[in-house]
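Remarks on the structure that follows.
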2 protein chains.
Amino acid sequence: MQAEIRLTPTSYIVLGLIDARGEATPYELKAIVAAGLGNLWSVQHAQLYSEPERLAGAGYLEEEREETGRRRKRYALTREGRAALRDWVGEPTGALSELRDLGLLKLFFGADPATLATTQLEAHRAQLARYEAQRDALRLAGTAGGAVLTLEAGIGHEREYIRFWSRLAKGG
Amino acid sequence: MQAEIRLTPTSYIVLGLIDARGEATPYELKAIVAAGLGNLWSVQHAQLYSEPERLAGAGYLEEEREETGRRRKRYALTREGRAALRDWVGEPTGALSELRDLGLLKLFFGADPATLATTQLEAHRAQLARYEAQRDALRLAGTAGGAVLTLEAGIGHEREYIRFWSRLAKGG
DNA sequence: CCTATCATGTAATCCGTTACATGATTAT
DNA sequence: ATAATCATGTAACGGATTACATGATAGG
């Protein structure tokens, strides 16, 4: 018990999601990730089973097993888990993400810009439409906060890539 | 020999870099990645030793061991390796990268926008300056092609994030 | 010379992905 | 009823990161 573990972004996603709704089963986490967070930072469903177990073993979550039916495991934050989450959220980070974009990687290695741009433009436009629809839905529901802000970041991101690939599509 | 392996982005990075210079040792690959490609898609140096071995085992690279001194391994593409690289580069992708940005993740989970924005702005401005310096250097050298284009993508990317975080810094 | 840093590489660990498996529910 | 799909979970594998290790080179 209380094994020392390293907390990864995945750890904080699990902590953050469980905290937001008080308690959750892995399957519920899966649904939440699919519903929105996934386009910012996706998590494989298998990890939503293994990661809570790891976190429980280290004292950040407490685990309660349903006695009937599927005997699901439900998790909730411990005091220690809440503290870890709060510290992490409160500590600003200067870390930058790499671009890690497959299309750009191919471009780097010599792919034909115009051809690639056609395919990429289509994908980015579709993603932009999805983000805008999600944001509008949240706004209609009167939601504010981080979820809306990150969607707006995603929208700006997509618009920028649409500008970039548009230029290449036109041979610019 | 000729084990079936899955080719990952890392695989194509190794193939692409070795192809570009004819042949290379892992240590040289490390230097090339550090010199530029790394801000698009970084690779840990240990992988620049293990991945070529994997690729050689599957027939994509041929390995030659220096007989003197450090007995370094030098790798070059085989016909099969060149074909795999060409196919991959030539196949346009509609894959989109996730944002996977730590700052946005904290924002999602409720970090204070203005505080976070200060730190993020500083980092993005520094990164923008690095990209612009690299691009200018390449232009002065008369270089064109994928490396310049991806740098321009990076510059656009940084500018967009600077816009985003600037708005939050001002409480917008 | 001695020490610090760079060059070069291997080993161990762990996280994340993929594959597998089975009970429940809905549709035909 | 039977097939198909959804809900729920575990196991195995492999790639990526981290840690460890040692020989060379340069600075003091």
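Every chain is numbered from 1 and lettered A, B, ... according to where its sequence line falls, protein lines coming before strand lines.
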Atom CD1 of B/I32 and atom P of C/dA7 are separated, to the nearest Å, by 15 Å

Of the listed D/dA16, D/dT8, C/dT10, the closest approach to the B/T8 side chain comes from D/dA16

Check whether any side-chain nitrogen or oxygen of A/Y49 sits under 4.0 Å from OP1 or OP2 of D/dT10, and answer yes or no.
no

Once you round it to whole Å, what is the distance between C1' of C/dT8 and OH of B/Y75?
13 Å

Using atom CG of A/L7 as one end and atom C1' of D/dT17 as the other, report the distance to the nearest whole Å.
16 Å

Should the pair A/R139-A/E152 be classified as a salt bridge under the 4.0 Å nitrogen-to-oxygen rule?
yes

If each of B/K30 and B/R100 is mapped to the nucleotide of DNA chain C with the nearest heavy atom, which maps nearer the 5' terminus, i.e. the 5' end?
B/K30

First of B/I5 and A/R6 reached from the 5' end of DNA chain D, by closest nucleotide:
B/I5

Under 4.5 Å between any side-chain heavy atoms of B/L55 and B/E51, yes or no?
yes

Of the candidates D/dA16, C/dT10, D/dT10, the side chain of A/A46 sits closest to D/dT10

CD of B/E4 versus P of D/dC13: gap in Å, rounded?
17 Å

Reckon B/S50 touches a base, only the sugar-phosphate, or nothing at all at heavy-atom distances under 4.0 Å?
nothing

For the side chain of A/Q47, counting heavy atoms from C-beta on, which of D/dG9, C/dC15, C/dG9 is nearest?
C/dC15

Give me the ring orientation class for A/H124 and A/Y161: parallel if the planes are under 30° apart, tilted from 30 to 60°, perpendicular past 60°.
parallel

Rounded to the Å, how far apart are B/H45 NE2 and D/dT18 C1'?
10 Å

Whole Å only: how far is the CZ atom of A/R54 from the P atom of C/dT13?
16 Å

For a quick test of reading the model: is some side-chain N or O of B/Q44 closer than 4.0 Å to OP1 or OP2 of D/dA16?
no

In whole angstroms, the gap separating P of C/dT18 from CG of A/L48 amounts to 15 Å

Can you tell me the distance, in whole Å, between the NZ atom of A/K73 and the P atom of D/dT8?
15 Å

Once rounded to the nearest 0.5 Å, what's the spacing between atom CG of A/L40 and atom CG of B/D101?
7.5 Å

Find out whether B/L105 and B/L99 are in side-chain contact, i.e. whether some heavy atom of one side chain is under 4.5 Å from a heavy atom of the other.
no

Nearest listed nucleotide, side chain of A/Y27, among D/dG15, C/dA19, D/dA7:
D/dA7

